[in-house]
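Chain identifiers are assigned alphabetically (A, B, ...) following the order of the sequence lines, protein sequences preceding nucleic acid strands; residue numbering begins at 1 within each chain.
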2 protein chains.
Amino acid sequence: MDTPSPTPRPAPRSDLDSAPGSTFNNLDPQKQRRVLDESLREFAENGYHQASINRIVGRLDIAKGSLFQYFGSKEGLFRHLFRRAVDEIKAPLRAIRDADSAEAFPQRLKRVFTASAAFAQAHPFLWGIYRRMLTQEDFPLRATLLSEVRAEALTFFRELVELGQKQGSVRADLNPAIAAFVIEATLDRALTAQGSPLLDAGLGLSSDPNTRQARLDALAEALCQGFSVRSVPSIAKGDVNA
Amino acid sequence: MDTPSPTPRPAPRSDLDSAPGSTFNNLDPQKQRRVLDESLREFAENGYHQASINRIVGRLDIAKGSLFQYFGSKEGLFRHLFRRAVDEIKAPLRAIRDADSAEAFPQRLKRVFTASAAFAQAHPFLWGIYRRMLTQEDFPLRATLLSEVRAEALTFFRELVELGQKQGSVRADLNPAIAAFVIEATLDRALTAQGSPLLDAGLGLSSDPNTRQARLDALAEALCQGFSVRSVPSIAKGDVNA
DNA sequence: CATAGAAATGACCACCCGGTCATTTCTCCG
DNA sequence: CGGAGAAATGACCGGGTGGTCATTTCTATG
């Protein structure tokens, strides 16, 4: 009556919501995927600010107005991608956590390293966005992502260490939180190195898959030895190739 | 004759050179400092691409043309800052390396952790630029900086480990390169965490200086214990406050 | 076929960017 | 004071940005 509301606003919803306008949901799912994939690539390759809407629509060969009709704004597009990505990440993480929970600490740690490296390689875009977010102060949703993902990861490692302590394969006097911090830092660095020879530090993490696998195992092994109740001299300095 | 060369180009020099036009060197040293400090701040706070020449000259209250007369371009300004920063970093690093070379491995490692944390806090701008460069692919001079600084750091840690092995305080079966990788990763994460509660992981690295010092020591201690020939149970889980 | 509503379009906007350069102002010396 | 050279200036440029919206095209239904 009073306010005829000429603009059919797609309902405000929550501020943290990432729901696109209904238009996008009605699209051919194949087109939806193409749009999301190409956008994700742009953000992962260039970071948030350097990412260009013009490039995205150019590559997709659609009109710029369409993208804004779908997501409202650049940040809206990013929020949508971000939400989907986090949900997509959680499932494999849980699968890793719940699998082989009876195995010994060193085996589980190696498995986690391997699985994480595989994930980072299979989803270079998600990994690229996460890496950038760690150091870029003004990424939208930075606080949300970091607290969600990192809390999950660190809790996971802490529980892993505590379980190892109960099993007797990890020194009891080790502070689980500190150990988790070291593990997470090492793994993160290793994953970062695997995509960039400059950060490789001569470890061979960015070379061929076979070598990388062996080096990842060696890294996990070194951590395990440090945490184990007694040294395991069977695995010596040169014994790096599995 | 043929080419009167109307533009008094300031001599090309080397491509990697960072020498500003002579104009800048003739300036009042106090003004030089102000210009460099404000520029460094802009790059550290915003990264290379988001850094704005307009904001810099606005804050300095000088004309935009002046800055371009001094350094030729945005990248020229950055190169100059970068060169100075690297030179400035090297001295304290060497001092740490050469000091107390007779001390035992754990003491030296703790000392390095403490000194690095102090440096990162005393030079937040340099540290901010370095952190960003690690993940930002298209920083100018990224390759140069990373290979210089990281090679230096990793060699330093490797030598530290090897020395510890000779002294007998570090397990002989430990691969020094891998140990150096773990140490560097942990230290880097700790320094990153100290400026950002989001990355702190509940360790207390970003809280007050006293707590931070204790936590840094605990981190170094945990690494040392992992690397040492036998466990040192005297320093137990709760024994964090020095 | 007619037509209503959804979807797609791209010219256009204001803004900011790095960079230029003719001009003015300053400084110092004869 | 006069003048030369160094230094400072800021209007201006082309180009890229995120964002808008009147218009056209498509599609489904009666």
Can you tell me the distance, in whole Å, between the [atom1] atom of [X] and the [atom2] atom of [N]?
X     : N      : atom1 : atom2 : value
A:N46 : D:dT17 : CG    : C1'   : 14 Å
B:Q50 : D:dG16 : CD    : C1'   : 13 Å
B:H49 : C:dG19 : NE2   : P     : 12 Å
A:L27 : C:dA7  : CG    : C1'   : 8 Å
A:K31 : C:dA6  : NZ    : C1'   : 12 Å
B:L77 : C:dG19 : CG    : C1'   : 14 Å
A:D28 : D:dA28 : CG    : P     : 12 Å
B:L60 : D:dG10 : CG    : P     : 14 Å

query = Going by modelled atom types, is there a donor-acceptor pair between the base of D:dG19 and the side chain of A:K74 at under 3.5 Å?
reply =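 Looking at the base of D:dG19, it does not pair with any donor or acceptor on the side chain of A:K74 (distance under 3.5 Å).
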ask   = Between B:D208 and B:T211, is a side chain to side chain donor-acceptor pair (under 3.5 Å) present by the stated rule, with each step listed?
value = CA-CA 6 Å; B:D208 68 293; B:T211 310; 2.5 Å; yes
As a test of reading the structure: which of [options] is closest to the side chain of [X], going by heavy atoms?
X     : options               : answer
B:A63 : D:dT9, D:dT20, C:dG18 : D:dT9
A:S52 : D:dT17, D:dA8, C:dA7  : D:dT17
B:R55 : C:dC17, D:dA7, C:dA8  : C:dC17
A:Y70 : D:dA7, C:dA8, D:dG19  : C:dA8
B:K64 : D:dT9, C:dA7, C:dG19  : C:dG19
B:S73 : C:dA7, C:dG19, D:dT20 : C:dG19
A:I62 : C:dT9, C:dG18, D:dT9  : C:dT9
B:N26 : C:dA8, D:dA6, C:dC17  : D:dA6

task = Could you walk me through whether A:L134 and B:T192 pass side chain to side chain contact (heavy atoms under 4.5 Å, CB included), step by step?
result = CA-CA 9 Å; A:L134 278 179; B:T192 304; over 6 Å; no
Short side-chain N/O contact from [X] to OP1 or OP2 of [N], under 4.0 Å:
X     : N      : result
B:T23 : D:dA7  : yes
A:S66 : C:dT9  : yes
B:N54 : C:dC17 : yes

query = Between the side chains of B:Q213 and B:T114, is a donor N or O closer than 3.5 angstrom to an acceptor N or O?
reply = yes
message = Pairing donors with acceptors under 3.5 angstrom, does anything connect the side chains of B:Q32 and B:D28?
response = no
query = Is the gap between the ring centers of B:F139 and B:F78 under 6.0 Å?
reply =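 Yes; B:F78 has its ring centre under 6.0 Å from that of B:F139.
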